[in-house]
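Count residues from 1 along the sequence.
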Amino acid sequence: EVQNAPEPPQASGPPAALFDVVALNDENVQAPYKAILAPNAVLATVNACNRMTPIDYDRDIRHVKVALNEEQDLPYMLGDVLNVFPRNRVDQVSEFLSQYEMDGHEMIKLTPIEGANLDARKRAASLRPRTVEQLFTEVVDVFGRPNRAFYKTLSRFAASEQVRVELERLAGEEGKE
């Protein structure tokens with residue numbers, strides 16, 4: 001326990017869906033591209049991202065340099081939090097979608113499910129129709145390394161005892177490396 005925080009409740013199934021997804025099959029549906037950003041977010045290019053801690057250190061602390069356009073302002077005070085929302089590479093997303101026989105150009109509409117706990121960025125993704133490719137490029141992390149909490153949750157749904165034990169190993173201290 002950390003600071004007397006209660007353990008998360010044990011779910012009996014996978015997490016509830018956050019959105020209803022509707023394919024917009026009408027070929028007249030078009031939406032000009034607009035990046036999926038949280039309100040007041042600033043889109044910037046990362047010029048450098050250097051790890052400052054040793055590889056065997058418990059935390060990955062980095063020094064990140066970003067480039068802003070002349071008209072952009074990024075006020076940042078000591079103690080502020082900076083959220084970084086990386087993007088997946090379009091060529092990797094295209095290959096991924098192809099492997100799962102998904103049409104990246106298909107227009108879809110996301111509708112938040114009533115009571116869903118959505119952050120501002122996910123809510124922004126539902127404001128207008130989007131392509132499948134845009135969602136997988138800008139929002140869905142399909143190529144990132146899963147964290148230990150993911151493996152712990154997944155272990156509850158393992159098809160065999162052997163798989164459950166391996167997933168729990170990955171979720172524990174042994175799985176850090």
Given Leu110 and Arg130, is the side-chain contact (heavy atoms from CB on, under 4.5 Å) satisfied, shown in steps? CA-CA 8 Å; Leu110 303 176; Arg130 309 282 181 176; 5.8 Å; no

Distance, nearest 0.5 Å, that separates CD1 of Ile55 from CG of Asp60: 7.0 Å

Counting only heavy atoms not in Asn117, do more than 12 fall under 6.0 Å of its CG? no

Chi angles and distances behind the side-chain contact (heavy atoms from CB on, under 4.5 Å) call for Leu170, Glu166: CA-CA 6 Å; Leu170 291 170; Glu166 177 61 13; 4.0 Å; yes

4.5 Å side-chain heavy-atom contact, Lys122 and Phe19: yes

Separation between OG1 (Thr45) and NZ (Lys65), nearest 0.5 Å, reads 15.0 Å

Nearest heavy-atom contact between Met107 and Pro129 is CE-CB, 3.7 Å

Would you find more than 12 non-hydrogen atoms of other residues, nucleotides or ligands less than 6.0 Å from Glu114 atom CD? no

Separation between CD (Gln72) and CG (Leu43), nearest 0.5 Å, reads 7.0 Å

Crowding at OH, Tyr33 (>12 non-hydrogen neighbours, <6.0 Å): yes

What is the minimum heavy-atom distance between Ala44 and Ala67, and which atoms define it? CB-O, 3.6 Å

Ile36/Leu135 under side-chain contact (heavy atoms from CB on, under 4.5 Å): CA gap, chis, key distance, verdict: CA-CA 8 Å; Ile36 299 170; Leu135 288 172; 3.8 Å; yes

Run the side-chain contact (heavy atoms from CB on, under 4.5 Å) check on Thr131 and Glu106 step by step: do they pass? CA-CA 5 Å; Thr131 64; Glu106 180 180 19; over 6 Å; no

Transitive ILVMFWY side-chain link Val165 to Phe157, under 4.5 Å: no

When you look at NZ of Lys109, are more than 12 heavy atoms from neighbouring residues, nucleotides or ligands closer to it than 6.0 Å? yes

Heavy-atom check, side chain of Phe143 versus side chain of Val93, under 4.5 Å: yes

Please check: side-chain N/O of Arg62 versus main-chain N/O of Val64, any donor-acceptor pairing under 3.5 Å? no

Starting at CG of Leu127, measure out to NZ of Lys34 and round the result to the nearest 0.5 Å. 8.0 Å

Do the side chain of Arg164 and the main chain of Leu167 share a donor and acceptor less than 3.5 angstrom apart? no

NZ on Lys152 to CG on Asn147, rounded to 0.5 Å: 11.5 Å

Minimum heavy-atom separation for Val163 and Ala158, please, with both atom names. CG1-CB, 3.9 Å

Could you tell me the separation between the CD1 atom of Ile108 and the CG atom of Asp20, rounded to the nearest 0.5 Å? 12.0 Å

Do Pro32 and Arg128 touch side chain to side chain, with heavy atoms closer than 4.5 Å? yes

Would Val142 end up clustered with Leu18 when hydrophobic side chains under 4.5 Å apart are linked, directly or stepwise? yes

Heavy-atom side-chain contact between Val66 and Asn47 under 4.5 Å: no

Are more than 12 heavy atoms, taken from residues, nucleotides or ligands other than Tyr76, located less than 6.0 Å from that residue's OH atom? yes

Using every non-hydrogen atom in the two residues, find where Ser126 and Arg123 come nearest and quote the distance to one decimal. OG-O, 2.7 Å

Output yes when Asp119 and Arg121 qualify as a salt bridge under the 4.0 Å nitrogen-oxygen rule, no when they do not. no

Taking C-beta and beyond as the side chain, do Val90 and Glu133 meet within less than 4.5 Å on heavy atoms? yes

Identify the residue among Asp103, Leu97, Val21 that makes a side-chain contact (heavy atoms from CB on, under 4.5 Å) with Val132. Leu97

So does Glu95 have more than 12 non-hydrogen atoms from other groups sitting under 6.0 Å from CD? no

On the 0 to 90° scale, with breaks at 30° and 60°, tag the Phe96-Phe136 ring pair as parallel, tilted or perpendicular. tilted

